[in-house]
Amino acid sequence: MLKQRIEKGDRSVEVLWRMAQVMHERSACMPKDKRKAAINDGLKFAEEAVQKDPNHFKALKWNAVLIGQATEYMPTKEKLECSKKFKELLDKSLGKEPKDTALLHLRGRFKFSVASLSWVEKKLASTFYSQPPSHTYEEANEDFLAAYKVNPKWMENLFFIAKCYVALKDKNNARKYLTELCDIEPYSDAEQEFLDDAKAMLGKL
């Protein structure tokens, strides 16, 4: 239905952000090696939506979500370059809806990525930031746990809570959240991957 509206010339912000969301949801139901094209298509719709209305919350949110997804397929330099725009969109979106669980999770992912940077990556990041961001695994987990309070059955979020605890060498809490994750039935290819990775991680603890 959205494609039909676009084909008829309706490129309003309300159609564009919904199309971005649909592409995001579709990508989760595809095998990992086929997701990139759907994510990039969704990102184009989201970016156009933000161009139409730079203050529209849903346009900003889905632009941030899809940039976050797209960076998973980028080399380190491009990923760091994109992270600045991603953080700007994230901050603007959270300024409008500070309790949105998807955005809290994304901010946690950003902080987790920063905490995980190697010395070489930190030096590279300094070329894109006047003052490179600095975050800890504890700070990342605060956002993941805030999202968990609202949506405790979100597999992706549970996985990153566990990853934070593994990084903090807290095996008991890592096992707790991985076990919760393993008790949930996956509904998509992406969730099946989180389940498989969780089982593998649990086996190493």
Fit a plane to each ring of His135 and Phe110, take the angle between them on a 0 to 90° scale, and name the class: parallel (under 30°), tilted (30 to 60°) or perpendicular (over 60°).
->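 Perpendicular, since the angle between the ring planes exceeds 60°.
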What residues, two or more places apart in sequence or in another chain, satisfy ring-ring contact (aromatic ring centres under 6.0 Å, His included) together with Phe112?
->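 With sequence neighbours excluded, Phe112 shows a ring-ring contact (aromatic ring centres under 6.0 Å, His included) to Tyr137, Phe160, given in chain and number order.
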Quick one: CG on Asp197 to CE on Met155, what's the gap to the nearest 0.5 Å?
->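 Rounded to the nearest 0.5 Å, the CG-CE separation comes to 10.0 Å.
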Between CH2 on residue Trp62 and CG on residue Leu16, distance to nearest 0.5 Å =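 Going from the CH2 atom of Trp62 to the CG atom of Leu16 covers 14.5 Å.
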Over 12 non-hydrogen atoms of neighbours within 6.0 angstrom of NZ in Lys44 |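 Atom NZ in Lys44 is not packed in, count stays at 12 or less.
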Do other residues, nucleotides or ligands put more than 12 heavy atoms under 6.0 Å from Lys92 NZ?
->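 Yes, the 6.0 Å shell around NZ holds more than 12 heavy atoms from other groups.
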Please test Val50 against Leu60 for side-chain contact (heavy atoms from CB on, under 4.5 Å), starting from the C-alpha separation and ending with a verdict.
-> CA-CA 6 Å; Val50 171; Leu60 290 166; 4.3 Å; yes
Please name all residues satisfying side-chain hydrogen bond (donor to acceptor under 3.5 Å, both in side chains) with [X], sequence neighbours left out, ordered by chain then number.
X	answer
Asn63	none
Arg26	none
Glu180	Tyr148, Lys176

Under the side-chain contact (heavy atoms from CB on, under 4.5 Å) rule, what do Tyr177 and Leu181 come out as? Steps first, then yes or no, please.
-> CA-CA 6 Å; Tyr177 289 98; Leu181 192 163; over 6 Å; no
Taking the side chain as everything from C-beta on, heavy atoms only, tell me whether [X] gets closer than 4.5 Å to [Y].
X	Y	result
Ile184	Leu158	yes
Cys182	Lys199	yes
Asp189	Lys32	no

Asp143/Lys111 ion pair, N-O < 4.0 Å |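 Yes.
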So, Glu72 and Arg109, do they make that salt bridge, N to O below 4.0 Å?
->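 So Glu72 pairs with Arg109 through a salt bridge.
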Donor-acceptor pair, side chain of Glu139 and main chain of Thr136, under 3.5 angstrom =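 Side chain of Glu139 to backbone of Thr136: a pair is present.
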Could you pull out all residues at least two apart from Ser27 that satisfy side-chain contact (heavy atoms from CB on, under 4.5 Å)?
->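 Applying side-chain contact (heavy atoms from CB on, under 4.5 Å) to Ser27 gives Arg35, Ala38, Ile39, Gln69.
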Quickly, which of Arg5, Arg18, Lys3 forms a salt bridge (charged side-chain N to carboxylate O under 4.0 Å, His left out) with Asp10? Name it, please.
->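 Of the listed residues Arg5, Arg18, Lys3, the salt bridge (charged side-chain N to carboxylate O under 4.0 Å, His left out) partner of Asp10 is Arg5.
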Quick one: salt bridge (charged side-chain N to carboxylate O under 4.0 Å, His left out) partners of Arg175, sequence neighbours excluded?
->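 With sequence neighbours excluded, Arg175 shows a salt bridge (charged side-chain N to carboxylate O under 4.0 Å, His left out) to no residue whatsoever.
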